[in-house]
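Remember, it's 1-based here, ligands and their atoms both numbered in the order they're listed. No hydrogens, no waters, no symmetry mates; every other heavy atom, side chains included, goes into these values.
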Amino acid sequence: MTGVLGAQVSIPDVKTLSDSQVSELRDLVCEHLVVVIPSQTLTAQQQAEFSLRWGQAGVVPFIEPSPDHPNVIRVLKEASDGNAFNFGGSWHSDFSFQPEPPAFTMLHAIDIPPYGGDTLWSSLVAAYNSLDQDNRDKCASLTAIHTARDAYSTKMQSLHSGLSSMTIICDDTADDWQRHPLVCVHPETGKNILFYNRAYVRDLEGLDDSEKGTFLEWLYSHTTEARFTCRHRWSNGDLAIWDNRSAQHYALNDYTGFRRELHRTTVAGTRPRMQ
Ligand code: SIN
């Protein structure tokens, strides 16, 4: 999709892939970070079954699952929801505040607005690779504190109440936090990743207090530089699969007055590690 990340692959029907083809696709996702496969027909049940071929279902906190399947969430903003805050509307890696964040996310486009509602991804591998040695060493010495408190703690409930068809229930478990190395090694490719996202990283261990705020702001601007990103304009039926360990993403909210629905599944991951 760009010189840095993203690929489009034609597959007539992902439901018919053999085990070795699923494994080949998994390698492609790990290499390109996000792969879009157009024109897929999948019920919620079929998407959940396809996801299970990649690993166990990820644990989904705070969001009520689809009535059609407990492993699927409907990412849905109704036309009548106006300019309500949208789900995924800030740069994040899915649930990075968990001890074992999801390895992969799959998003299947059901009902896409006539314009707007694109998704952006950024490569945390490219963000790491662009660092000079001093910054690589500095980042490798730091631990990031991930928490959902500014997304799903009870004080955030009203932010989500504008989505009439999604049930998001904030609670105090959002105040919990997890320590993950700022530089992680991808468990499948061995590549280094700058595992930062603004939505959930709230602190850094290993830095003076006087430096933290500036360094967090720098991480945000660095990891979201245009040169590390790609952007997808959805069509109904597109299935995007991304590597949640080495890419962060952002759902644009520029389609006020139109309905947007996608179905999301996540595949369980492992604890992020330095090596
Ligand atoms: C998400 O963050 O999982 C949703 C992304 C999107 O709706 O584009």
Side-chain angles (χ1 to χ4, degrees), residues 1 5-6 29 33-38 40 42 44 47-48 51 54 57-66 69 71-79 81 83-98 101-122 124 146 148 150-152 156 159-160 162-168 174 197-201 223-224 229-256 258-269:
M1 290 158 74
L5 82 162
V29 175
L33 312 195
V34 52
V35 166
V36 178
I37 310 158
Q40 298 301 303
L42 291 168
Q47 182 175 341
S51 286
W54 293 57
V59 175
V60 178
F62 310 118
I63 302 136
E64 278 210 349
S66 160
H69 198 285
N71 294 352
V72 176
I73 60 172
R74 292 197 305 169
V75 176
L76 174 52
K77 186 166 162 240
E78 301 286 4
D81 292 342
N83 61 1
F85 181 76
N86 62 327
F87 182 77
S90 63
W91 280 106
H92 65 287
S93 300
D94 287 329
F95 304 153
S96 70
F97 51 82
Q98 293 181 321
F104 300 100
T105 301
M106 300 192 185
L107 201 56
H108 183 229
I110 305 296
D111 187 14
I112 292 302
Y115 54 82
D118 297 359
T119 303
L120 280 72
W121 289 267
S122 101
L124 300 174
H146 295 241
D150 291 330
Y152 296 115
M156 302 309 292
L159 180 73
H160 304 292
L163 296 178
S164 57
S165 294
M166 280 187 85
T167 306
I168 297 177
N197 69 85
R198 191 189 220 179
Y200 302 132
V201 175
T223 58
T224 56
T229 67
C230 71
R231 173 173 176 157
H232 181 59
R233 163 88 199 115
W234 293 94
S235 296
N236 289 347
D238 286 351
L239 174 67
I241 307 175
W242 66 86
D243 188 326
N244 192 56
R245 300 159 290 192
S246 45
Q248 59 174 341
H249 59 284
Y250 177 92
L252 279 169
N253 194 10
D254 57 352
Y255 53 96
T256 299
F258 294 107
R259 188 174 191 277
R260 180 179 185 271
E261 177 176 3
L262 303 99
H263 290 176
R264 192 179 100 162
T265 46
T266 46
V267 178

Side-chain donor-acceptor pairs of residues 108-119 under 3.5 Å, sequence neighbours excluded:
residue	atom	partner	partner atom	Å
H108	NE2	Q40	O	2.8
D111	OD2	R259	NH1	2.9
D118	OD2	R231	NE	2.8
D118	OD2	R231	NH2	3.2
T119	OG1	W234	NE1	2.9
T119	OG1	R260	NH2	3.3

- Go through the structure and list residues passing side-chain contact (heavy atoms from CB on, under 4.5 Å) with S165, not counting sequence neighbours.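 side-chain contact (heavy atoms from CB on, under 4.5 Å) list for S165, sorted by chain: L76, E78.
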
- Message: Going by the rule side-chain contact (heavy atoms from CB on, under 4.5 Å), which residues pair with Y250 if we only count those two or more places apart in sequence or in a different chain?
- Response: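 side-chain contact (heavy atoms from CB on, under 4.5 Å) check on Y250 returns W91, L120, L252.
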
- Message: For H249 and W121, take the angle between the two ring planes, folded into 0 to 90°, and tell me which bin it lands in: parallel under 30, tilted 30 to 60, perpendicular over 60.
- Response: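 Ring orientation, 0 to 90° scale: tilted.
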
- Message: Once you measure the plane-to-plane angle for H160 and Y152, does it fall in the parallel (<30°), tilted (30-60°) or perpendicular (>60°) bin?
- Response: parallel

- ligand 1: which residues have a non-hydrogen atom closer than 4.0 Å?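 Ligand 1 pocket, heavy atoms under 4.0 Å: V75, F87, G88, H92, D94, L107, T119, H249, A251, R260, R264.
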
- Of the non-hydrogen atoms in T265 and S51, which two are nearest, and what is the gap between them?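 The answer is OG1-OG, 2.6 Å.
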
